Participant: 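Let me give you the structure first, and then I'll get to my questions.
Computed over heavy atoms, backbone and side chain alike; hydrogens, waters and symmetry mates excluded. Sequential numbering from 1 along the given sequence is applied to the chain's residues. Not measured: the values here are computed from a predicted model.
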Amino acid sequence: MSLPEGTHISHVQLRVKDLVSELSFYRGLLGFHEANHFDSTLALSSSVPTDHGARAGQLSVQLLLTESINAVARPPRTTGLFHVAILYPNRVELAKTLLRLIRNGYPIQGAADHLVSEAIYLADPEGNGVELYCDRPKESWRWSNGEIAMATEPLHVEALLKEADGKEWTEIHPQTDIGHIHLNVGSLARVEEFYSKQLGFDVTARSYSGALFLSAGGYHHHIGVNVWAGRNAQHPPENSLGLISFGIAVPNAAQETLTDPDGIEVEIIPTNAKE
């Protein structure tokens with residue numbers, strides 16, 4: 001049974017070694033606001049908090065940074081985060097953020113036109129992959145036999161930057177959200193069994209070699225998975241830096257916490273169908 005429209009990635013939790021350094025990126029450069037700080041975890045939101053009691057899993061929180069000074073680096077060619085994708089509400093907001101990064105000299109790793117979206121790729125100070133993107137109008141997406149047409153074409157960066165019109169970035173747009181999450185996995189078949197057959201996500205694309213994309217409600221993808229770190233890649237140590245968990249907001253679902261085939265904690269968070 002497919003998941004209902006309105007299902008989306010609610011938040012992503014990362015284990016970090018240096019919270020100050022990570023905040024220089026997520027708060028200082030990208031503009032996320034501190035929503036709450038509990039124990040060793042800092043919750044960040046794209047909107048100015050009005051409820052200082054916000055806790056992990058609420059829809060106003062997009063990022064959770066859990067500091068662990070004894071954490072170890074995630075070994076190469078292991079499962080875990082490929083990138084977390086931050087979705088901007090329009091091209092202007094993406095362009096202003098890109099211009100801010102350029103003016104601050106922050107390294108950009110790549111850019112791509114995916115037909116359904118335009119994307120900028122970089123890494124946070126501890127090497128976690130980050131995608132900044134905006135969607136093209138949904139009516140322009142092309143579907144064939146239940147699969148969406150996506151590609152990796154060169155992005156016209158100059159045309160994108162013109163959208164900013166040279167205007168100085170002032171703050172993050174409150175509608176900025178987590179658009180999708182992309183994972184390194186050990187087996188496409190095992191994760192398809194979990195995310196599609198067990199949780200109800202629809203497979204939207206199989207055209208990328210070694211990758212699979214899944215979504216709910218006709219989106220291009222909420223979850224991307226790949227075996228580019230190696231088929232049957234091993235799990236990293238439990239105290240590795242990087243992805244701890246992520247949340248999936250599902251209208252009228254039962255709240256539960258599951259573990260995917262690669263040891264990643266997945267929180268199912270019920271939401272009101274009207275949200």
Participant: So, taking the atom named CD1 in Ile120 and the one named CG in Leu101, what distance separates them when rounded to the nearest 0.5 Å?
Facilitator: 9.0 Å
Participant: Which atom pair, heavy atoms only, marks the closest approach of Ala71 to Arg15?
Facilitator: CB-CD, 3.8 Å
Participant: Can Asp177 and Ile9 be said to form a side chain to side chain contact (heavy atoms under 4.5 Å, CB included), step by step?
Facilitator: CA-CA 9 Å; Asp177 211 345; Ile9 304 300; over 6 Å; no
Participant: Is Lys17 salt-bridged to Glu22, going by a charged N under 4.0 Å from an acidic O?
Facilitator: no
Participant: Could you tell me if the side chain of Val130 sits less than 4.5 Å from the side chain of Val84, heavy atoms only?
Facilitator: yes
Participant: Side chains of Asp202 and Ser2: donor-acceptor distance under 3.5 Å anywhere?
Facilitator: yes
Participant: State, with a plain yes or no, whether a side-chain heavy atom of Thr97 is found less than 4.5 Å away from one of Leu99.
Facilitator: no
Participant: So, Ser187 side chain and Asn232 main chain: donor-acceptor pair closer than 3.5 Å or not?
Facilitator: no
Participant: Quick check: His180 with Tyr133 (ring centres under 6.0 Å apart)?
Facilitator: yes
Participant: Between Trp141 (side chain only) and Arg136 (backbone N and O only), is there a donor and an acceptor less than 3.5 Å apart?
Facilitator: yes
Participant: Can you measure from CD (Glu163) to CD (Glu118) and round to the nearest 0.5 angstrom?
Facilitator: 8.0 Å
Participant: Does the pair Thr41 and Asp39 meet the rule for a side chain to side chain contact (heavy atoms under 4.5 Å, CB included), with working shown?
Facilitator: CA-CA 6 Å; Thr41 298; Asp39 297 328; 5.6 Å; no
Participant: Would the distance check show the side chain of Ser45 and the main-chain N or O of Ser60 forming a donor-acceptor pair, the cut-off being under 3.5 Å?
Facilitator: yes
Participant: State whether a side-chain donor-acceptor pair under 3.5 Å links Ser245 with Gln13.
Facilitator: yes
Participant: Flag the pair Val266 / Thr259 as yes when at least one side-chain heavy-atom distance between them is below 4.5 Å, and no otherwise.
Facilitator: no
Participant: Return yes if some donor-acceptor pair links the side-chain N/O of Asn104 with the main-chain N/O of Tyr106 below 3.5 Å, else return no.
Facilitator: no
Participant: For the residue pair Leu19 and His37, establish whether any side-chain heavy-atom pair is separated by less than 4.5 Å.
Facilitator: yes
Participant: Could you walk me through whether Glu168 and Arg100 pass salt bridge (charged side-chain N to carboxylate O under 4.0 Å, His left out), step by step?
Facilitator: CA-CA 8 Å; Glu168 190 69 29; Arg100 176 174 175 78; 5.1 Å; no
Participant: My understanding is that only one of Leu65, Val61, Ile172 makes a side chain to side chain contact (heavy atoms under 4.5 Å, CB included) with Leu44; could you say which?
Facilitator: Leu65
Participant: Check whether His220 reaches the backbone of Ile148 with its side chain - one donor and one acceptor, N or O, closer than 3.5 Å.
Facilitator: no
Participant: Is there a donor-acceptor contact under 3.5 Å linking the side chains of Tyr208 and Thr152?
Facilitator: yes
Participant: Do Ile269 and Ile248 touch side chain to side chain, with heavy atoms closer than 4.5 Å?
Facilitator: no
Participant: Linking I/L/V/M/F/W/Y whenever their side-chain heavy atoms sit closer than 4.5 Å, directly or via other members, would Ile178 and Leu64 fall into one cluster?
Facilitator: no
Participant: Are Arg206 and Glu192 ion-paired here, with the side-chain N under 4.0 Å from a carboxylate O?
Facilitator: yes
Participant: Using a 4.5 Å cut-off on heavy atoms from C-beta on, say whether the side chain of Phe82 contacts that of Val225.
Facilitator: no
Participant: So, are Arg190 and Glu193 salt-bridged, with charged N and O less than 4.0 Å apart?
Facilitator: no
Participant: Is there a continuous path of hydrophobic side-chain contacts, each under 4.5 Å between heavy atoms, that joins Leu241 to Leu183?
Facilitator: no
Participant: Are Val191 and Ile223 connected in the hydrophobic side-chain network, where two residues link if heavy atoms are under 4.5 Å apart?
Facilitator: yes
Participant: Using 0.5 Å steps for rounding, measure from the CD atom of Gln62 to the CG atom of Leu87.
Facilitator: 10.5 Å
Participant: Would you say Thr176 and Ser46 are linked by a side-chain donor-acceptor pair, where the criterion is simply a distance under 3.5 Å?
Facilitator: no
Participant: If you look at every heavy atom in Trp228 and Ser209, which pair is closest and at what distance?
Facilitator: NE1-O, 2.8 Å
Participant: When hydrophobic residues are tied together by side-chain contacts of less than 4.5 Å, even through go-betweens, does Leu29 share a cluster with Ile86?
Facilitator: yes
Participant: Give a yes or no on whether the backbone of Asp262 and the side-chain of Asp260 come within a donor-acceptor separation of less than 3.5 Å.
Facilitator: yes
Participant: Side chains of Arg74 and Asn184: donor-acceptor distance under 3.5 Å anywhere?
Facilitator: yes
Participant: Please round to the nearest 0.5 Å and tell me the distance separating atom CD of Glu267 and atom CD of Glu256.
Facilitator: 11.0 Å
Participant: Apply the side chain to side chain contact (heavy atoms under 4.5 Å, CB included) test between Tyr26 and each candidate in Leu42, Val16, Asp124; give the one that qualifies.
Facilitator: Asp124
Participant: Where the side chain of His114 meets the backbone of Glu153, is there a donor-acceptor pair that is under 3.5 Å apart?
Facilitator: no
Participant: In this structure, is the centre-to-centre distance between the rings of His11 and Phe246 below 6.0 Å?
Facilitator: no
Participant: Given Ile264 and Leu243, is the side chain to side chain contact (heavy atoms under 4.5 Å, CB included) satisfied, shown in steps?
Facilitator: CA-CA 8 Å; Ile264 296 167; Leu243 182 65; 3.8 Å; yes
Participant: With side chain to side chain contact (heavy atoms under 4.5 Å, CB included) as the test, would you mind laying out the steps for Leu94 and His173 before giving the verdict?
Facilitator: CA-CA 10 Å; Leu94 177 62; His173 194 286; over 6 Å; no
Participant: Report, as yes or no, whether the 6.0 Å neighbourhood of atom CZ on Arg142 holds more than 12 heavy atoms from other residues, nucleotides or ligands.
Facilitator: no
Participant: Taking atom OG1 of Thr204 and atom CH2 of Trp143, what is their separation to the nearest 0.5 Å?
Facilitator: 5.5 Å
Participant: Can you check whether Val92's main-chain N or O pairs, donor with acceptor, with Asn90's side chain at less than 3.5 Å?
Facilitator: yes
Participant: Please check: side-chain N/O of Thr78 versus main-chain N/O of Pro75, any donor-acceptor pairing under 3.5 Å?
Facilitator: yes
Participant: Report yes if some heavy atom in the side chain of Asn239 is under 4.5 Å from a heavy atom in the side chain of Ser68; otherwise report no.
Facilitator: no
Participant: Fit a plane to each ring of His182 and His221, take the angle between them on a 0 to 90° scale, and name the class: parallel (under 30°), tilted (30 to 60°) or perpendicular (over 60°).
Facilitator: perpendicular
Participant: Can a donor-acceptor pair be found, under 3.5 Å and without considering hydrogens, that links the side chain of Ser117 to the backbone of Asp135?
Facilitator: no
Participant: Is there a path of hydrophobic side-chain contacts, each under 4.5 Å between heavy atoms of I, L, V, M, F, W or Y residues, that connects Leu23 with Phe25?
Facilitator: yes
Participant: Would a 4.5 Å heavy-atom cut-off, applied to side chains only, mark Leu132 and Leu122 as touching?
Facilitator: yes
Participant: Roughly how far, to the nearest 0.5 Å, is CG of Leu14 from CD of Glu67?
Facilitator: 13.0 Å
